[in-house]
Amino acid sequence: MPLRVYNTLTRQKEEFQTVEPGKVRMYVCGPTVYKPSHIGHMVGPVIFDTVKRFLTYLGYQVTWVVNITDVDDKLIVRARELGTTVKELAERMTADYLDCLKKLNVTGIDYMPRATEHIPEMIEIMRGLIAKGHAYASGGDVYFDVTSDPDYGKLCNRDPDQLEAGARIEVSDKKRNPGDFALWKASRPGEPSWDSPWGPGRPGWHIECSAMSMKLLGQTLDIHGGGLDLQFPHHENELAQSESYTGQPFVRYWMHNGLLKMGQTKMAGSIGNVVNIADLLEKHSAETVRLLLLSTHYRSPIEYSDERLAEVGRSLGHFYRFFERYQRICGRSFYELAAPTRHAPFDTGSPPSAFLNEVSRLRSTFLDCLSDDFNTGGAIGALYELLTALNRFADARQLEEPARREDAVAEFERGVRVLRELSSLLGLFHQPPESGGGDALVNQLMQLLIDLRAEARKAKNYAMADQIRQRLGQLGIILEDRPGGTGWRRG
RNA sequence: GGCCCCUUCGCCAAGUGGUAAGGCAACUGAUUGCAAAUCAGUCAUACCCCGGUUCGAAUCCGGGAGGGGCCUCCA
């Protein structure tokens, strides 16, 4: 099934065609680093990380850029509040952001350019825009003239004349039109500033993305992503200034992810209803968060709640228990299995077994879902079905019994490798969950209790055996009696 | 006021013209000394409402109701 991507510009799914065959240039708007990251900041990175994984799997060479906005009004205000410099604050919050990305297994970002390191490139673009009559200097500022671009508003269906009617636009007598936006802002005393042909100042919000994407990826991007809330004005303005400057199409596919909601309204720093990643990860694993973000289609909003996270955590438990089962059956850790990095047809063997046919079918379903505008929710459904099929096979062929057949184990192994392959595309299960077992002493003590209980059961002293299990239960430990002996886990 | 989008089982959620995936919860059975885990089965005659198009619609069109996003910084 060919890959299809929903394009905000055309409001429909389109077959994916890159500018240069085999290569994908992807740019996603990153954070303004003035506060610790909240979960909303992770929606885009997790989604586009998955997009990159899948594109790479399909054979594309993907270059992914996420910018860091390290100069801005909010940074200036916040640094002043904290009695520190913009630079120091930006560095600290960038480190926090990177840490969050790492925890959520977002590994695919190739470049993270800083706005402050690309001032000359921005100045170059502004010069060009002024020369072409698309921008003008005014009182130390530089503005983009929206009336100079007949296409202005095409991304969001905005008419510049109607913008005039909106009373919320900042009125400034430096602007020619109310919809004009600042490319460059003259700096006030005490603010970070850079020299420019128009005097000391700092960049406006939108120009950095044009400058950095152009520098690192060229004039036409294959994918430009970001939150739905960035469509206007940010992406509209980026689009206008970039195309006015280069005369080339700026982006082939605009992809916008839905926003995370707290109750009925979106989570946002400006509203103040944010949940920091650091706080969140004390209650729920990073993998739970990642799965939550991927379980809904990326264009839909996701409602954040503790209950929802707990629910996702419970469903993850099925996978974790299966991985332990796999370890028991095959004597190998699931996490150490190598996942194929490129797509290849699945060989069901000959004659194909019913089991491997089922595995193959589910693999196709999974891949078809991702090919249809990165439908991770549908793909995850197939992943659960695959899990059930694997457990069913292990049950039916009694793979945990000593008398099992080795050819059945080999067949099972092939099915498990598909689970490894597919879950890797979602960035799941790259390492064992944090709170699996215990330290060496705990393991020894648990073995002692399990042995004592086994003796009690052997002597048919079920009252004692059940008491041991029940009291462990009160400590949050669940015992599982299996064919090969008793195992335990934290509930 | 303008521009987008959404509404599917108790909850989450996939599905974009061919007769409703999956997860959580619940219930029943197999298994177990009893549990846990796993498996099996049950769980939406039905997709916000009303019209229309069609042999056929959750899926397309029109209208209505409810909810959300953007038009100001926001991932």
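Reminder, nothing fancy here: chain letters follow the sequence lines and each chain counts from 1. As a basis for the values below, the full set of heavy atoms in this structure was taken, side chains included, without hydrogen atoms, waters or symmetry mates.
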Assigned partner base of U72(B), Watson-Crick or wobble definition, under 3.5 Å: none
For C43(B), the Watson-Crick or wobble counterpart (both distances under 3.5 Å): none
Nucleotide opposite G18(B) in a Watson-Crick or G-U pair, distances under 3.5 Å: C55(B)
Flag for Asp306(A)-His284(A): side-chain donor and acceptor within less than 3.5 Å: yes
Asn105(A)-Thr107(A) side chain donor-acceptor pair, cut-off 3.5 Å: no
Whole angstrom value for the distance that separates C1' of G15(B) from CG of Leu370(A): 15 Å
Donor-acceptor side-chain pairing of Asp451(A) and Gln447(A) below 3.5 angstrom: yes
Nucleotide of C34(B), C70(B), A75(B) approaching Val43(A) most closely (side-chain heavy atoms): A75(B)
Polar side-chain contact Arg158(A)-C70(B) base: donor and acceptor under 3.5 Å: yes
Sugar-phosphate only, base, or nothing, as touched by Asp481(A) at under 4.0 Å among non-hydrogen atoms: base
Pairing partner of U31(B) (Watson-Crick or G-U wobble, both distances under 3.5 Å): none
Sugar-phosphate, base or nothing in reach of Met267(A), heavy atoms under 4.0 Å: base
Nucleotide-resolved protein contact map, nucleotides 17-31 of chain B, B/S/- at heavy-atom distance under 4.0 Å: ----BSBSS------
Test item: side-chain donor near acceptor, Ser315(A) and Tyr384(A), under 3.5 Å: yes
Touch class at under 4.0 angstrom, heavy-atom based, for Arg453(A) against every strand present: base
Polar contact flag, side-chain donor to acceptor under 3.5 angstrom, Arg299(A)-Thr8(A): no
Nearest to side-chain heavy atoms of Leu259(A), which nucleotide of G69(B), C4(B), U16(B): G69(B)
Selected nucleotide, minimal atom distance to Asn157(A) side chain, candidates U38(B), A75(B), C4(B): C4(B)
Arg457(A) side chain, from C-beta outward: closest of G33(B), C3(B), A37(B): G33(B)
Test salt bridge (charged side-chain N to carboxylate O under 4.0 Å, His left out) applied to Glu236(A) and Arg158(A), step by step: CA-CA 9 Å; Glu236(A) 192 71 62; Arg158(A) 237 72 157 193; over 6 Å; no
Test: Arg397(A) cationic atom under 6.0 Å from Phe412(A) six-membered ring centre, within 45° of axis: no
Watson-Crick/G-U partner (both atom distances under 3.5 Å) of C9(B): none
Side chains of Tyr27(A) and Glu238(A), donor plus acceptor under 3.5 Å: no
Leu155(A) CG to G2(B) C1', straight-line distance once rounded to whole Å: 16 Å
Side-chain donor/acceptor contact of Asp159(A) with base of C71(B) under 3.5 Å: no
Nearest listed nucleotide, side chain of Asp229(A), among G33(B), C70(B), A36(B): C70(B)
Closest listed nucleotide, where the reference is the side chain of Arg469(A) and the choices are C34(B), U38(B), C4(B): C34(B)
Candidates C34(B), A37(B), C39(B) - which lies nearest the side chain of Arg489(A): A37(B)
Exercise: do Thr63(A) and Asp110(A) side chains pair donor with acceptor under 3.5 Å: no
Check: Ser424(A)/Arg420(A) side-chain N/O donor and acceptor closer than 3.5 Å: yes
Filtered N/O pairs between nucleotides 66-68 of chain B and protein, under 3.5 Å:
residue	atom	partner	partner atom	Å
G68(B)	O3'	Gln264(A)	O	3.4

